[in-house]
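One structure below.
Since the model is a prediction, treat every value here as computed from it, not as a measurement. If you read the sequence from its start, that first residue is 1, and numbering goes on from there.
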Amino acid sequence: MSETKKIAVIPGDGIGPEVVAEAEKVLRRAEELYGYSFETEHALFGGIAIDEKGTPLPQETLEVCKSADAVLLGAVGGPKWDNNSKELRPETGLLGIRKELGLFSNLRPAVVFDCLKEASTLKPEVLEGTDLMVVRELTGGIYFGEKFRRESEHGEEAVDTCAYNVTEIERIVRQAFEIAQGRRKKLASVDKANVLETSRLWRETVNRIAPDYPDVELEHVLVDNCAMQLLRRPASFDVIVTENMFGDILSDEAAMLTGSIGMLASASLGEGSFGLYEPVHGSAPDIAGQGLANPIATILSLALMFRTTFGYAEAADAIEVAVAKVLDEGHRTADIAVDKSKALSTSQMGDLIVAAIQKA
């Protein structure tokens, strides 16, 4: 038996509990097939934590996460809490947990399944072979820089400061190089070095680090050109690394290549192997409790956890192959079904994927 790994499980709000339940089925299947050992501990977070504990990030939840090897998060938020004060909003909990857990990078894979190419707004021949990873710096840049307003001769003026230091750049770039080493060994570093001083420092730092990874082919791409090339030649990208705001925008653009946001996994990582894994989609309160949610993004987030935090590549591959097999067979949840009358429920899709997971 392998060493027991502890996973903090945070179902969250809306459809979160439904999709997380299906990922937990996959977790148990992996134990059965590969002899892994997992200990799971559930915790409250987000809107439900506000309702039951008076805060989006209870101290006990934070302690559960800090004692774990990884965190699996469903989804948080909803209109019920939209009018709350800042400290009582689910989104404040997300910023807080990232800070407390030291999560400085966000990984967003975008993989186009052949059987779903028609769901994208791009031509199938353009999408052929698309399998990329956006690595976004998560705790620096303009989102976290100094912000203020002042009077000017032209009226009120607002200022948002974009700041990066070498340490912040180096740690995210090294992580991206290492991820590229485990993939197709291509890295696109995205900046705006023809205009921005932070981007010039970014590019200088990338060039200084690059010789440490001679097996990875490095390409510098200006952010506006990258946005265009993602639509023109998405399959040419392997790993994209960039700063916070550029990554926010480009990862959403890459997500839409796949045709459904309900299919996309993500990871937020810190130093070492620890990570928080969650689907890209939101809490979808309009369909919560109805068994309509697509669990694939959460299941693929679990596969990403296996590969990135635990090094369980064989099981991660088996999960991804199972998802592709079920989709190739024509099974669909309502969000990706052409004929909604034949759509599967959340649990039916989960059960099919579990049944399809086999050792290679």
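Q348 has its side chain out of reach of H331: every pair of non-hydrogen atoms, C-beta onward, lies at least 4.5 Å apart. Here the side chains of C162 and L196 are not in contact, with every heavy-atom distance at 4.5 Å or above. The side-chain heavy atoms of L218 and S189, taken from C-beta on, include a pair separated by under 4.5 Å. At least one side-chain heavy atom of L300 sits less than 4.5 Å from a side-chain heavy atom of E320. Counting only heavy atoms from C-beta outward, the side chains of I296 and E22 never approach each other to under 4.5 Å. When side chains are defined from C-beta on, V326 does not count as touching V323, because their heavy atoms never get closer than 4.5 Å. Between I299 and M349, every side-chain heavy-atom pair lies at or beyond the 4.5 Å cut-off. Residues L327 and I336 form a side-chain contact, since some pair of their non-hydrogen atoms from C-beta on lies under 4.5 Å apart.
Between R150 and E157 there is a salt bridge, since a side-chain N of the basic residue sits under 4.0 Å from a carboxylate O of the acidic one. Using a cut-off of 4.0 Å between Lys/Arg side-chain N and Asp/Glu carboxylate O, R332 and D339 are scored as not salt-bridged. Note on E314 versus K359: no salt bridge recorded, every NZ/NE/NH1/NH2 to OD/OE distance being 4.0 Å or above.
No side-chain donor-acceptor contact under 3.5 Å links R29 to the backbone of I353. Of the possible polar contacts, one joining the S301 side chain to the E278 backbone as a donor-acceptor pair under 3.5 Å is found. For D69 (side chain) and K6 (main-chain N/O), a donor-acceptor pair under 3.5 Å exists by modelled atom type. Checking side-chain atoms of R149 against main-chain N and O of V159 turns up no donor-acceptor pair under 3.5 Å. A donor-acceptor pair is defined here as one N or O able to donate and one able to accept, closer than 3.5 Å; no such pair exists between the side chain of T308 and the backbone of M305. Distance alone, capped at 3.5 Å, is enough to place a donor-acceptor pair between the S120 side chain and the L257 backbone. Proximity of a side-chain donor or acceptor of T92 to a complementary backbone N or O of K86 within less than 3.5 Å is detected. Side chain of T61 to backbone of L44: a donor-acceptor contact under 3.5 angstrom is found. No donor-acceptor pair closer than 3.5 Å links the side chain of D160 to the backbone N or O of K147. Put simply, the side chain of Q358 gets close to the backbone of A355: a donor and an acceptor are under 3.5 Å apart.
Between F38 and Y36, the ring planes are perpendicular. Angles over 60° get that label, and only those under 30° would be called parallel.
The distance from atom CG of L352 to atom CD1 of I357, rounded to the nearest 0.5 Å, is 11.0 Å. Atoms CG and CG, from D351 and L344 in turn, are 10.0 Å apart once rounded to the nearest 0.5 Å. One distance of note links CD of E18 with CG of L292; it measures 8.0 Å at 0.5 Å rounding. One finds the CG atom of D248 at 12.5 Å from the CD atom of E253 (value rounded to the nearest 0.5 Å). Here I10 contributes atom CD1 and I48 contributes atom CD1; the two are 12.0 Å apart, rounded to the nearest 0.5 Å.
In terms of hydrophobic clustering, with Ile, Leu, Val, Met, Phe, Trp and Tyr side chains grouped at heavy-atom distances under 4.5 Å, L72 and V354 are assigned to a common cluster. L132 and L231 fall within a single hydrophobic cluster, where Ile, Leu, Val, Met, Phe, Trp and Tyr are joined by side-chain heavy atoms under 4.5 Å apart, directly or via other members. When the side chains of ILVMFWY residues are joined at heavy-atom separations under 4.5 Å, either directly or via intervening members, V166 and V206 end up in a single hydrophobic cluster. V134 and L127 fall within a single hydrophobic cluster, where Ile, Leu, Val, Met, Phe, Trp and Tyr side chains are chained together by heavy-atom contacts under 4.5 Å. When the side chains of ILVMFWY residues are joined at heavy-atom separations under 4.5 Å, either directly or via intervening members, L138 and V190 end up in two distinct hydrophobic clusters.
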Only distances under 3.5 Å count here; give the side-chain donor-acceptor pairs of residues 93-107 to other protein atoms, sequence neighbours excluded, each with its distance to 0.1 Å.
from	atom 1	to	atom 2	distance (Å)
S105	OG	Q175	OE1	2.3
N106	ND2	A267	O	3.2
N106	ND2	S268	OG	3.2

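Between the side chains of Y277 and T309, at least one donor-acceptor pair of N or O atoms lies under 3.5 Å. Side-chain contact, R28 with T40: a donor N or O sits under 3.5 Å from an acceptor N or O.
Residue I240 forms a side chain to side chain contact (heavy atoms under 4.5 Å, CB included) with just one option from L187, V135, L230, and that option is L230. Under the side chain to side chain contact (heavy atoms under 4.5 Å, CB included) test applied with S199, the options T242, D191, V223 reduce to a single match, D191.
For R208, the CZ atom is densely surrounded, since the number of other residues' heavy atoms within 6.0 Å is greater than 12. Annotation: K325, atom NZ; neighbour count of heavy atoms from other residues, nucleotides and ligands within 6.0 Å does not exceed 12. Summarising the local packing, NZ of K25 is surrounded by more than 12 heavy atoms from other residues, nucleotides or ligands at distances under 6.0 Å. Counting heavy-atom neighbours within 6.0 Å of D212 CG, excluding the residue itself, gives a total above 12.
With sequence neighbours excluded, no residue satisfies salt bridge (Lys or Arg N to Asp or Glu O under 4.0 Å) with E63. Listed by chain and number, the residues in a salt bridge (Lys or Arg N to Asp or Glu O under 4.0 Å) with E178 amount to none (sequence neighbours excluded). Evaluation of the salt bridge (Lys or Arg N to Asp or Glu O under 4.0 Å) rule for D82 yields no partner, not counting sequence neighbours.
Screening residues 286-298 for salt bridge (Lys or Arg N to Asp or Glu O under 4.0 Å) gives no qualifying pairs among residues at least two apart or on separate chains. Every pair passing ring-ring contact (aromatic ring centres under 6.0 Å, His included) that includes a residue from residues 207-241 is listed here, sequence neighbours excluded: F177-Y213.
Closest heavy-atom contact between L88 and G54: CD2-O, 3.3 Å.
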Salt bridge (Lys or Arg N to Asp or Glu O under 4.0 Å) for K117 and E128? Distances and angles first, verdict last. CA-CA 8 Å; K117 283 190 291 188; E128 187 71 38; 2.5 Å; yes
Taking it one step at a time, do K80 and D13 satisfy salt bridge (Lys or Arg N to Asp or Glu O under 4.0 Å)? CA-CA 11 Å; K80 178 179 179 180; D13 307 317; over 6 Å; no
